[in-house]
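Quick note on labels: first sequence line is chain A, next is B, and so on, each numbered from 1.
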Number of protein chains: 2
Amino acid sequence: MLNEDTKTVAHDCGDCPIRHRAVCARCETDELERLEEIKYYRNFEAGQTIIWSGDRMDFVGSVVSGIATLTQTMEDGRTQMVGLLLPSDFVGRPGRDGSPYDVVATTDMVMCCFRKRPFEEMMVATPHIAHRLLEMTLDELDAAREWMLVLGRKTAREKIASLLSIIARRDATLNLQPAQNRLVFDLPLTREAMADYLGLTLETVSRQISALKRDGVIELEGKRHVTVPDFSRLLDEAGDDTDGGLLV
Amino acid sequence: MLNEDTKTVAHDCGDCPIRHRAVCARCETDELERLEEIKYYRNFEAGQTIIWSGDRMDFVGSVVSGIATLTQTMEDGRTQMVGLLLPSDFVGRPGRDGSPYDVVATTDMVMCCFRKRPFEEMMVATPHIAHRLLEMTLDELDAAREWMLVLGRKTAREKIASLLSIIARRDATLNLQPAQNRLVFDLPLTREAMADYLGLTLETVSRQISALKRDGVIELEGKRHVTVPDFSRLLDEAGDDTDGGLLV
DNA sequence: GGTCATCCTTGACCCAGATCAAGCGCGCGA
DNA sequence: TCGCGCGCTTGATCTGGGTCAAGGATGACC
């Protein structure tokens, strides 16, 4: 059962990803209630490691606010980010015990979690939850494969443009802007984290961002606040063949 | 209903992946019969494109024999392989209409297919099929993310060693060798296909294979037949921290 | 056996991005 | 207010792998 405190948070969370994105689109009332029973919220501070690679994971859940990263590290310290968790993204591997990745909060975060064992039991009893999870996993698989193209074949400049357009798109779908080509967002990652995502060094990231700024593809206010005056120009720089409709 | 011809093939296919790997581990007899009704076999020749990127896909299925690749191509022709389909691998995106990738047979192939619509209907009616598909999709996601580390952070030599060890491992699990460190297999890919998988050029692939041969990490007979005298040495070259137990 | 195409190897050279190094700017705690 | 640390930028130089180019091997087909 929920304590008063948790209820309050749940109520604040009007567009809680569990409602609109993860598992509940077709839930019946009693299923929703069962979900509520195994649901709880966790807060993390910027820089805090949520799960260490190899750790046992006793929950699944969604990002409510803030950003986390999924990274792999080799013994000699080379690291590669393999996923970026933005609000409404699902975290967890139903049916698996551990995480093969480090999960790290890069900003302050709130996560909406379910205890794993009861969640899995619900999954068995409620087939459409499994279907929804399959959907989401296929989405993640597509994203991972898209990123393989970025890592394997794109130039440094194209990589940066690809990352910026992904973040811009996600940001835009959250804070719906008037449907125009200009958009504004804050970079949620350090240069080093961007480098780890893109398979570059932080110096190259910095240089290419400066170059995009010099060429008018982006405008910078401080180090993190980005304005994209022409989004289709950015997509072009990313080498994307998509038409770039913002609202996917 | 099955015609006589198909039945024969089905019978030959004693370890048909649909039986032992994809969906049927817990199927009841009548479910198996329903699967049989929507099941058919397709043959492809080496070089044949199975699905074009963007095509409608009206089936799902498994590789029975032979090898296929999943590739993405940019407008300017740069291509990145995002998946390698070996025998027993599943192909298809239940719930999705099209494929975002080209699927190409690199050797002669046999696939065991199910018509997509009835398969999806069965999935709804038979929850453990959806669970099995979720399992498999999570496996693919892990593989894709593992490959992101290869593409983003490994050197050319490490990339080649990683690819060889993956193929060797898969080959070994199919044709179980005595549990020793020496193993033998045939490369199922051209140098160019390897390059597309690894984000390299075919010249670099060729040079690095020559180097591994010169250094005694592998032995070559012709261009495709590979002997690995010491598998743990190969894993070492790949920069893998896994212990390399062959039988995963 | 000869021709041709495909796949592969090897060499010479070049360049994008890594590496090494110096310094800037801003926020924070004393 | 100062100093200190962290995140970032920029410059100089180096190098792994790309590019361009020239053959070598193998096998299919005439």
Between the base of C:dC20 and the side chain of A:Glu203, is there any donor-acceptor pair under 3.5 Å?
yes
How is A:Gly199 classified with respect to the nucleic acid when contacts are heavy atoms under 4.0 Å: base, sugar-phosphate, or nothing?
sugar-phosphate
Is there a side-chain contact between A:Asp196 and A:Thr71, using heavy atoms and a 4.5 Å cut-off?
no
Rounded to whole Å, please give me the gap between CZ in B:Arg224 and P in C:dC8.
5 Å
Without decimals, in angstroms, what is the distance between A:Ile160 CD1 and C:dG17 P?
10 Å
What is the separation between atom CD1 on A:Ile209 and atom P on D:dG7, rounded to the nearest whole Å?
15 Å
Counting just side-chain N and O atoms, does B:Thr201 come under 4.0 Å of either OP1 or OP2 of D:dG17?
no
Find which nucleotide of DNA chain C each of A:Lys223 and A:Lys154 is nearest to by heavy atoms, and output the residue with the more 5' nucleotide.
A:Lys154
Any idea which heavy atoms bring A:Pro87 and A:Val64 closest together, and the distance?
CB-O, 3.5 Å
In this structure, how many angstroms lie between the P atom of D:dT19 and the CG atom of B:Asp76, rounded?
11 Å
In terms of side-chain geometry, is the basic nitrogen of B:Arg207 or B:Glu203 positioned less than 4.0 Å from the acidic oxygen of its partner?
no
For A:Lys213 and D:dT9, give me the distance from atom NZ to atom C1', rounded to whole Å.
10 Å
To check you understand the geometry: which heavy-atom pair defines the closest contact between B:Thr107 and B:Ile67, and what is its length?
OG1-N, 2.9 Å
Starting at CD of B:Glu221 and ending at P of D:dA25, how long is that distance when rounded to a whole Å?
17 Å
At 4.0 Å (heavy atoms only), tell me whether A:Thr190 reaches a base, stays on the sugar-phosphate, or touches nothing.
sugar-phosphate
Atom CZ of A:Arg191 and atom P of D:dG7: how far apart are they, to the nearest Å?
12 Å
Beyond-backbone contact of A:Arg96 with B:Asp139, side-chain heavy atoms, under 4.5 angstrom:
yes
Could you check whether the side chain of A:Arg207 and the base of D:dG11 have a donor-acceptor pair of N or O atoms closer than 3.5 Å, going by distance alone?
yes
Among C:dG17, C:dT10, D:dG17, which nucleotide has an atom closest to any side-chain atom of B:Thr155?
D:dG17
Closest to the side chain of B:Ser210, out of D:dG17, C:dC8, C:dT10, is C:dT10
If you assign each of A:Arg153 and A:Thr204 to its closest nucleotide in DNA chain D, which residue comes earlier from the 5' end?
A:Thr204
Whole-Å distance, B:Glu158 CD to D:dG17 P, equals 9 Å
